[in-house]
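Here is the structure we will look at.
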Amino acid sequence: MPELPEVETIVQHLRTCGIIGKSIEKVSVLSADCIASGSPTRFKKLAAGARIKHISRRGKWISLSLDAGTILVHLRMSGSLRVLGEDEELDPYDRLVLELTGGKRLAFRDIRKFGRAYLVQDPEEVLGNLGPEPMSGELTEKSFHEMLTTRQRQLKPLLMDQTFLAGMGNIYTDEALWEARLHPARRSELISPTESRRLFLSIRKVLEAGIRNQGTSLGDGLANYISAQGEPGRNQIHLKAYGREGLPCPRCKTPIEKIVVNQRGTHFCPTCQQLR
DNA sequence: AGTATAACCCGTACGC
DNA sequence: TGCGTACGGGTTATAC
(Lines give C-alpha, C1' and ligand atoms only; values in the text may rest on other atoms or scores of the structure.)
Protein backbone atom coordinates (compact mmCIF):
# COMPACT_ATOMS: atom_id res chain seq x y z
CA MET A 1 0.00 0.00 0.00
CA PRO A 2 2.60 2.51 -0.92
CA GLU A 3 1.59 6.04 -0.08
CA LEU A 4 3.87 9.07 -0.18
CA PRO A 5 6.27 7.99 2.62
CA GLU A 6 6.62 4.46 1.25
CA VAL A 7 7.23 5.72 -2.29
CA GLU A 8 9.75 8.22 -0.97
CA THR A 9 11.54 5.40 0.86
CA ILE A 10 11.57 3.26 -2.27
CA VAL A 11 12.98 6.11 -4.35
CA GLN A 12 15.71 6.80 -1.80
CA HIS A 13 16.57 3.13 -1.79
CA LEU A 14 16.61 2.79 -5.57
CA ARG A 15 19.10 5.63 -5.79
CA THR A 16 21.55 3.51 -3.78
CA CYS A 17 21.19 0.43 -5.96
CA GLY A 18 23.60 1.43 -8.69
CA ILE A 19 21.10 1.59 -11.51
CA ILE A 20 21.45 5.30 -12.23
CA GLY A 21 23.62 5.78 -15.28
CA LYS A 22 22.93 2.25 -16.52
CA SER A 23 21.26 1.65 -19.85
CA ILE A 24 18.30 -0.58 -20.52
CA GLU A 25 19.51 -3.47 -22.65
CA LYS A 26 16.35 -5.50 -22.81
CA VAL A 27 12.75 -5.13 -21.71
CA SER A 28 10.55 -8.10 -20.81
CA VAL A 29 6.84 -7.50 -20.47
CA LEU A 30 5.53 -10.53 -18.60
CA SER A 31 2.03 -9.12 -18.11
CA ALA A 32 0.87 -6.82 -20.88
CA ASP A 33 -1.72 -4.99 -18.82
CA CYS A 34 0.89 -3.37 -16.58
CA ILE A 35 1.85 -1.18 -19.55
CA ALA A 36 -0.52 1.75 -19.65
CA SER A 37 0.89 3.98 -22.37
CA GLY A 38 0.51 2.32 -25.73
CA SER A 39 1.46 -1.26 -26.50
CA PRO A 40 4.15 -3.39 -24.86
CA THR A 41 5.91 -3.36 -28.22
CA ARG A 42 6.04 0.42 -28.22
CA PHE A 43 7.24 0.44 -24.62
CA LYS A 44 10.04 -2.01 -25.43
CA LYS A 45 11.09 -0.09 -28.52
CA LEU A 46 11.27 3.24 -26.71
CA ALA A 47 12.91 1.93 -23.55
CA ALA A 48 15.55 -0.27 -25.16
CA GLY A 49 18.91 1.45 -25.23
CA ALA A 50 17.80 4.34 -23.04
CA ARG A 51 19.93 5.37 -20.08
CA ILE A 52 18.48 5.98 -16.62
CA LYS A 53 19.47 9.54 -15.70
CA HIS A 54 17.79 9.99 -12.35
CA ILE A 55 15.03 8.72 -10.09
CA SER A 56 12.43 10.85 -8.36
CA ARG A 57 8.91 10.92 -6.96
CA ARG A 58 5.76 12.95 -7.55
CA GLY A 59 2.85 12.05 -5.28
CA LYS A 60 2.76 8.26 -5.34
CA TRP A 61 4.41 8.08 -8.76
CA ILE A 62 7.97 6.89 -9.23
CA SER A 63 9.79 8.55 -12.09
CA LEU A 64 12.75 7.09 -13.94
CA SER A 65 14.10 9.86 -16.13
CA LEU A 66 15.67 8.45 -19.27
CA ASP A 67 17.84 10.29 -21.75
CA ALA A 68 14.86 9.91 -24.07
CA GLY A 69 11.54 9.97 -22.24
CA THR A 70 10.42 9.09 -18.74
CA ILE A 71 9.18 5.86 -17.21
CA LEU A 72 6.49 6.52 -14.62
CA VAL A 73 5.47 3.69 -12.30
CA HIS A 74 2.45 3.60 -10.02
CA LEU A 75 2.54 0.71 -7.55
CA ARG A 76 -1.11 1.03 -6.48
CA MET A 77 -1.24 -1.22 -3.44
CA SER A 78 0.51 -4.49 -4.11
CA GLY A 79 3.30 -3.33 -6.40
CA SER A 80 7.00 -3.13 -5.65
CA LEU A 81 10.22 -2.42 -7.50
CA ARG A 82 13.12 -4.76 -6.95
CA VAL A 83 16.70 -4.57 -8.12
CA LEU A 84 17.92 -8.08 -8.80
CA GLY A 85 21.47 -9.29 -9.19
CA GLU A 86 22.39 -11.66 -11.98
CA ASP A 87 21.90 -14.75 -9.85
CA GLU A 88 18.53 -13.74 -8.40
CA GLU A 89 15.44 -15.27 -9.92
CA LEU A 90 12.20 -13.67 -10.96
CA ASP A 91 8.99 -14.72 -9.30
CA PRO A 92 5.52 -15.27 -10.78
CA TYR A 93 4.40 -11.74 -9.90
CA ASP A 94 7.12 -9.88 -11.77
CA ARG A 95 5.26 -8.05 -14.55
CA LEU A 96 7.94 -5.93 -16.18
CA VAL A 97 11.68 -6.48 -16.14
CA LEU A 98 14.35 -4.05 -17.34
CA GLU A 99 17.72 -5.69 -17.95
CA LEU A 100 20.47 -3.16 -17.39
CA THR A 101 24.06 -2.90 -18.53
CA GLY A 102 26.28 -4.60 -15.97
CA GLY A 103 23.81 -7.41 -15.28
CA LYS A 104 21.36 -5.95 -12.77
CA ARG A 105 17.64 -6.06 -13.46
CA LEU A 106 14.90 -3.76 -12.30
CA ALA A 107 11.72 -5.76 -11.77
CA PHE A 108 8.24 -4.32 -11.34
CA ARG A 109 6.44 -6.88 -9.22
CA ASP A 110 2.70 -6.65 -8.60
CA ILE A 111 0.51 -9.35 -7.12
CA ARG A 112 -2.86 -7.74 -7.82
CA LYS A 113 -2.05 -6.28 -11.21
CA PHE A 114 -3.35 -2.84 -10.32
CA GLY A 115 -0.01 -1.12 -10.81
CA ARG A 116 0.89 0.56 -14.08
CA ALA A 117 4.00 1.69 -15.93
CA TYR A 118 4.00 4.51 -18.47
CA LEU A 119 6.69 5.59 -20.89
CA VAL A 120 6.04 9.14 -21.98
CA GLN A 121 7.95 12.02 -23.54
CA ASP A 122 6.45 14.60 -21.20
CA PRO A 123 5.76 13.50 -17.60
CA GLU A 124 3.01 16.12 -17.40
CA GLU A 125 0.90 13.87 -19.61
CA VAL A 126 0.50 11.65 -16.55
CA LEU A 127 1.32 13.92 -13.61
CA GLY A 128 -0.38 17.06 -14.86
CA ASN A 129 -3.56 16.69 -12.84
CA LEU A 130 -1.93 15.98 -9.49
CA GLY A 131 -2.50 18.37 -6.63
CA PRO A 132 0.34 20.03 -4.74
CA GLU A 133 3.03 18.13 -2.87
CA PRO A 134 2.01 18.30 0.79
CA MET A 135 5.59 18.75 2.01
CA SER A 136 6.57 21.46 -0.43
CA GLY A 137 6.42 25.23 -0.26
CA GLU A 138 3.71 25.29 -2.90
CA LEU A 139 1.32 24.32 -0.13
CA THR A 140 0.85 26.87 2.65
CA GLU A 141 -1.51 27.18 5.60
CA LYS A 142 -3.32 29.91 3.76
CA SER A 143 -3.63 28.14 0.42
CA PHE A 144 -4.68 24.95 2.16
CA HIS A 145 -7.56 26.64 3.92
CA GLU A 146 -8.62 28.13 0.62
CA MET A 147 -8.38 24.71 -1.05
CA LEU A 148 -10.56 23.13 1.62
CA THR A 149 -13.28 25.74 1.76
CA THR A 150 -13.68 26.05 -1.99
CA ARG A 151 -14.59 22.33 -2.18
CA GLN A 152 -17.69 20.74 -0.77
CA ARG A 153 -16.51 17.31 0.21
CA GLN A 154 -16.01 15.10 3.20
CA LEU A 155 -12.47 15.55 4.52
CA LYS A 156 -11.34 11.97 4.10
CA PRO A 157 -12.20 11.44 0.44
CA LEU A 158 -10.95 14.94 -0.31
CA LEU A 159 -7.54 14.31 1.26
CA MET A 160 -7.28 11.04 -0.66
CA ASP A 161 -8.16 12.73 -3.95
CA GLN A 162 -4.83 12.94 -5.78
CA THR A 163 -5.96 15.95 -7.79
CA PHE A 164 -6.53 17.79 -4.49
CA LEU A 165 -3.31 16.80 -2.73
CA ALA A 166 -0.70 14.35 -4.03
CA GLY A 167 0.39 11.38 -1.97
CA MET A 168 -2.11 10.73 0.82
CA GLY A 169 -3.63 7.23 1.06
CA ASN A 170 -5.93 5.51 3.50
CA ILE A 171 -3.43 5.08 6.32
CA TYR A 172 -1.89 8.55 6.48
CA THR A 173 -5.27 10.18 5.94
CA ASP A 174 -6.71 8.45 9.01
CA GLU A 175 -3.58 9.36 10.95
CA ALA A 176 -3.63 13.01 9.90
CA LEU A 177 -7.32 13.38 10.78
CA TRP A 178 -6.73 11.78 14.17
CA GLU A 179 -3.77 14.09 14.78
CA ALA A 180 -5.87 17.12 13.80
CA ARG A 181 -8.86 15.91 15.87
CA LEU A 182 -11.16 16.20 12.86
CA HIS A 183 -13.92 13.76 11.94
CA PRO A 184 -13.28 11.99 8.61
CA ALA A 185 -16.76 12.94 7.38
CA ARG A 186 -16.49 16.64 8.31
CA ARG A 187 -17.43 18.92 5.42
CA SER A 188 -14.42 20.70 3.99
CA GLU A 189 -16.34 23.93 3.37
CA LEU A 190 -17.05 24.25 7.10
CA ILE A 191 -13.47 24.00 8.29
CA SER A 192 -12.28 27.00 10.28
CA PRO A 193 -8.84 28.59 9.77
CA THR A 194 -7.75 27.11 13.11
CA GLU A 195 -8.88 23.66 12.08
CA SER A 196 -7.31 23.81 8.65
CA ARG A 197 -4.05 24.93 10.23
CA ARG A 198 -4.17 21.90 12.54
CA LEU A 199 -4.85 19.64 9.59
CA PHE A 200 -2.07 21.19 7.54
CA LEU A 201 0.44 20.65 10.35
CA SER A 202 -0.89 17.15 11.05
CA ILE A 203 -0.51 16.05 7.44
CA ARG A 204 3.12 17.11 7.45
CA LYS A 205 3.69 15.54 10.84
CA VAL A 206 2.38 12.10 9.89
CA LEU A 207 4.09 12.10 6.49
CA GLU A 208 7.41 13.15 8.02
CA ALA A 209 7.09 10.41 10.63
CA GLY A 210 6.30 7.90 7.89
CA ILE A 211 9.38 8.87 5.92
CA ARG A 212 11.58 8.93 9.03
CA ASN A 213 10.38 5.41 9.85
CA GLN A 214 10.84 4.26 6.26
CA GLY A 215 7.18 3.59 5.69
CA THR A 216 4.38 1.56 7.22
CA SER A 217 4.57 -2.23 6.82
CA LEU A 218 1.37 -4.00 7.73
CA GLY A 219 1.64 -7.63 8.53
CA ASP A 220 -0.82 -9.44 6.32
CA GLY A 221 1.99 -10.31 3.98
CA LEU A 222 0.13 -8.93 1.00
CA ALA A 223 -0.69 -5.31 1.41
CA ASN A 224 2.54 -5.70 3.30
CA TYR A 225 4.89 -3.23 1.83
CA ILE A 226 8.55 -4.05 2.13
CA SER A 227 10.60 -0.91 1.81
CA ALA A 228 12.39 -1.91 -1.32
CA GLN A 229 14.91 -4.52 -0.29
CA GLY A 230 13.55 -6.75 2.42
CA GLU A 231 13.76 -4.01 5.05
CA PRO A 232 10.27 -3.47 6.43
CA GLY A 233 9.27 0.01 7.49
CA ARG A 234 8.80 0.82 11.17
CA ASN A 235 5.90 3.27 11.05
CA GLN A 236 3.21 0.72 11.93
CA ILE A 237 4.33 0.87 15.56
CA HIS A 238 3.52 4.57 15.66
CA LEU A 239 0.02 4.46 14.18
CA LYS A 240 -2.52 6.17 16.44
CA ALA A 241 -5.78 5.31 14.68
CA TYR A 242 -5.32 3.18 11.55
CA GLY A 243 -5.86 -0.50 12.25
CA ARG A 244 -6.50 0.16 15.96
CA GLU A 245 -10.25 -0.41 16.17
CA GLY A 246 -11.25 -1.32 19.71
CA LEU A 247 -7.91 -0.20 21.14
CA PRO A 248 -7.72 2.90 23.33
CA CYS A 249 -7.20 6.27 21.71
CA PRO A 250 -3.64 7.32 22.66
CA ARG A 251 -5.04 10.75 23.64
CA CYS A 252 -8.22 10.04 25.59
CA LYS A 253 -8.44 6.24 25.94
CA THR A 254 -11.82 5.98 24.19
CA PRO A 255 -11.82 2.87 21.97
CA ILE A 256 -11.00 3.70 18.35
CA GLU A 257 -13.94 3.04 16.04
CA LYS A 258 -13.90 1.72 12.52
CA ILE A 259 -16.51 2.96 10.07
CA VAL A 260 -16.83 3.10 6.31
CA VAL A 261 -16.43 6.47 4.62
CA ASN A 262 -16.58 6.56 0.85
CA GLN A 263 -16.15 2.78 0.74
CA ARG A 264 -12.94 2.94 2.73
CA GLY A 265 -12.26 1.49 6.12
CA THR A 266 -11.86 4.52 8.35
CA HIS A 267 -10.45 4.61 11.87
CA PHE A 268 -11.10 7.47 14.25
CA CYS A 269 -11.67 8.42 17.87
CA PRO A 270 -15.36 9.18 18.50
CA THR A 271 -14.43 11.45 21.41
CA CYS A 272 -11.56 13.47 19.94
CA GLN A 273 -12.94 13.60 16.41
CA GLN A 274 -16.54 14.69 16.66
CA LEU A 275 -18.75 15.54 13.73
CA ARG A 276 -20.51 18.31 15.66
C1' DA B 1 -18.67 21.47 -13.21
C1' DG B 2 -18.32 19.37 -9.16
C1' DT B 3 -19.29 15.61 -6.29
C1' DA B 4 -20.61 10.74 -5.15
C1' DT B 5 -20.54 5.90 -6.13
C1' DA B 6 -19.19 1.50 -8.56
C1' DA B 7 -15.76 -1.28 -10.62
C1' DC B 8 -11.29 -3.09 -11.32
C1' DC B 9 -7.98 -7.41 -9.23
C1' DC B 10 -6.66 -11.27 -6.40
C1' DG B 11 -4.45 -13.29 -2.13
C1' DT B 12 -5.80 -13.66 2.44
C1' DA B 13 -8.71 -14.08 6.48
C1' DC B 14 -12.81 -15.52 8.15
C1' DG B 15 -17.26 -18.00 8.72
C1' DC B 16 -19.72 -22.05 8.28
C1' DT C 1 -10.76 -29.86 7.27
C1' DG C 2 -12.56 -27.74 3.31
C1' DC C 3 -15.16 -24.61 0.84
C1' DG C 4 -17.21 -20.21 -0.26
C1' DT C 5 -17.20 -15.37 0.45
C1' DA C 6 -16.09 -10.77 2.05
C1' DC C 7 -12.38 -7.64 2.34
C1' DG C 8 -8.89 -4.14 1.22
C1' DG C 9 -6.23 -0.85 -1.40
C1' DG C 10 -5.78 3.61 -5.22
C1' DT C 11 -7.56 4.99 -9.14
C1' DT C 12 -10.63 5.39 -13.19
C1' DA C 13 -15.05 5.22 -15.17
C1' DT C 14 -19.69 6.18 -14.69
C1' DA C 15 -23.75 8.33 -12.45
C1' DC C 16 -25.95 12.07 -10.38
Side-chain angles (χ1 to χ4, degrees), chain A residues 1-8 10 30-37 57-63 72-81 91-96 108-118 120 125-131 133-134 146-177 184-191 203 207 210 215-227 233 235-236 239 241-246 256-268:
Chain A
M1 47 187 68
E3 304 176 28
L4 188 154
E6 289 74 34
V7 175
E8 178 65 28
I10 290 166
L30 305 167
S31 170
D33 41 84
C34 73
I35 305 296
S37 55
R57 174 191 69 73
R58 172 79 170 96
K60 302 173 190 175
W61 292 86
I62 295 166
S63 169
L72 294 168
V73 178
H74 198 302
L75 301 173
R76 296 281 179 101
M77 61 267 184
S78 61
S80 62
L81 286 175
D91 79 20
Y93 303 116
D94 285 315
R95 311 294 183 190
L96 172 67
F108 174 24
R109 178 179 184 272
D110 187 14
I111 292 173
R112 288 183 193 170
K113 292 188 174 178
F114 270 18
R116 293 290 182 270
Y118 290 70
V120 293
E125 292 173 35
V126 175
L127 309 179
N129 291 327
L130 289 178
E133 282 291 321
E146 168 86 11
M147 284 164 62
L148 288 169
T149 51
T150 53
R151 316 285 178 111
Q152 305 182 47
R153 307 271 302 273
Q154 294 179 317
L155 286 181
K156 169 141 176 169
L158 183 56
L159 292 177
M160 291 181 66
D161 183 340
Q162 302 301 296
T163 68
F164 177 76
L165 193 61
M168 299 286 284
N170 207 35
I171 297 172
Y172 293 94
T173 298
D174 280 2
E175 290 300 297
L177 290 168
R186 264 295 289 285
R187 301 296 306 188
S188 63
E189 68 272 28
L190 302 179
I191 293 298
I203 287 168
L207 292 177
T216 302
S217 301
L218 297 176
D220 68 2
L222 171 63
N224 186 10
Y225 140 77
I226 302 292
S227 73
N235 199 241
Q236 58 280 8
L239 296 178
Y242 185 89
R244 300 192 70 252
E245 62 267 30
I256 296 291
E257 281 185 15
K258 182 177 182 182
I259 58 173
V260 176
V261 176
N262 217 39
Q263 306 176 277
R264 285 289 166 262
T266 298
H267 312 75
F268 75 109

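Naming convention: chains lettered A, B, ... in sequence-line order (proteins, then strands); numbering from 1 in each chain.
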Roughly, in whole Å, what's the span from CD1 in A/I111 to P in B/dC9? 16 Å
When we call it a touch if two heavy atoms are under 4.0 Å apart, what does A/G169 touch: a base, just sugar-phosphate, or nothing? sugar-phosphate
Between A/K60 and A/E3, does any NZ, NE, NH1 or NH2 come within less than 4.0 Å of an OD or OE carboxylate oxygen? no
Please report the distance, rounded to the nearest Å, between CZ in A/R109 and C1' in B/dG11. 11 Å
Round to the nearest Å and state the distance from A/R112 atom CZ to C/dT11 atom P. 15 Å
Applying a 4.0 Å non-hydrogen cut-off, can you work out what A/Y93 is touching in the nucleic acid: base, sugar-phosphate, or nothing? sugar-phosphate
Could you tell me whether the side chain of A/S188 and the main chain of A/L148 form a donor-acceptor pair under 3.5 Å? yes
Between the two end axes of the helix from B/dG2-C/dC16 to B/dC16-C/dG2, each built from 5 base pairs, what angle do you get to the nearest 10°? 50°
Minimum-distance nucleotide (side-chain atoms of A/K113 versus B/dC10, C/dG8, C/dG10): B/dC10
Taking only side-chain nitrogens and oxygens of A/K258, does any of them come within less than 4.0 Å of OP1 or OP2 of C/dG8? yes
On DNA chain B, compare the nucleotides closest to A/Q152 and A/R95; which residue's is nearer the 5' end? A/Q152
Of all residues at least two apart in sequence or in a different chain, which pass the salt bridge (Lys or Arg N to Asp or Glu O under 4.0 Å) check with A/R95? none
Taking only Lys NZ, Arg NE, NH1 and NH2, and the carboxylate oxygens of Asp or Glu, determine whether A/D161 and A/R151 approach each other closer than 4.0 Å. no
Are OP1 or OP2 of C/dT11 and a side-chain N or O of A/Q162 less than 4.0 angstrom apart? yes
Are side-chain heavy atoms of A/R264 and A/K156 found at a separation under 4.5 Å? yes
When you check the gap from the basic side-chain N to the acidic O, do A/R109 and A/D91 get nearer than 4.0 Å? yes
Here the distance between atom P of B/dA1 and atom CG of A/N129, to the nearest Å, is 14 Å
With a 4.0 Å limit, can you tell me whether A/H74 has a side-chain N or O closer than that to the phosphate oxygens OP1/OP2 of C/dT11? yes
Rounding to a whole Å, what distance do you find between A/F114:CZ and B/dC8:C1'? 4 Å
Determine whether any donor atom in the side chain of A/R264 lies under 3.5 Å from an acceptor atom in the base of C/dG10, or the reverse, and answer yes or no. yes
Would you say B/dA4 has OP1 or OP2 under 4.0 Å from some side-chain N or O of A/R153? yes
Give the rounded distance in Å between these two atoms: CD of A/Q263 and P of B/dA4. 12 Å
Tell me: CG of A/N262 to P of C/dT14, nearest whole Å? 18 Å
Within the 3.5 Å criterion, strictly below it, is a donor on A/S80 or A/Y93 matched to an acceptor on the partner's side chain? no
Nearest-Å distance, CZ (A/R151) to P (B/dA1)? 14 Å
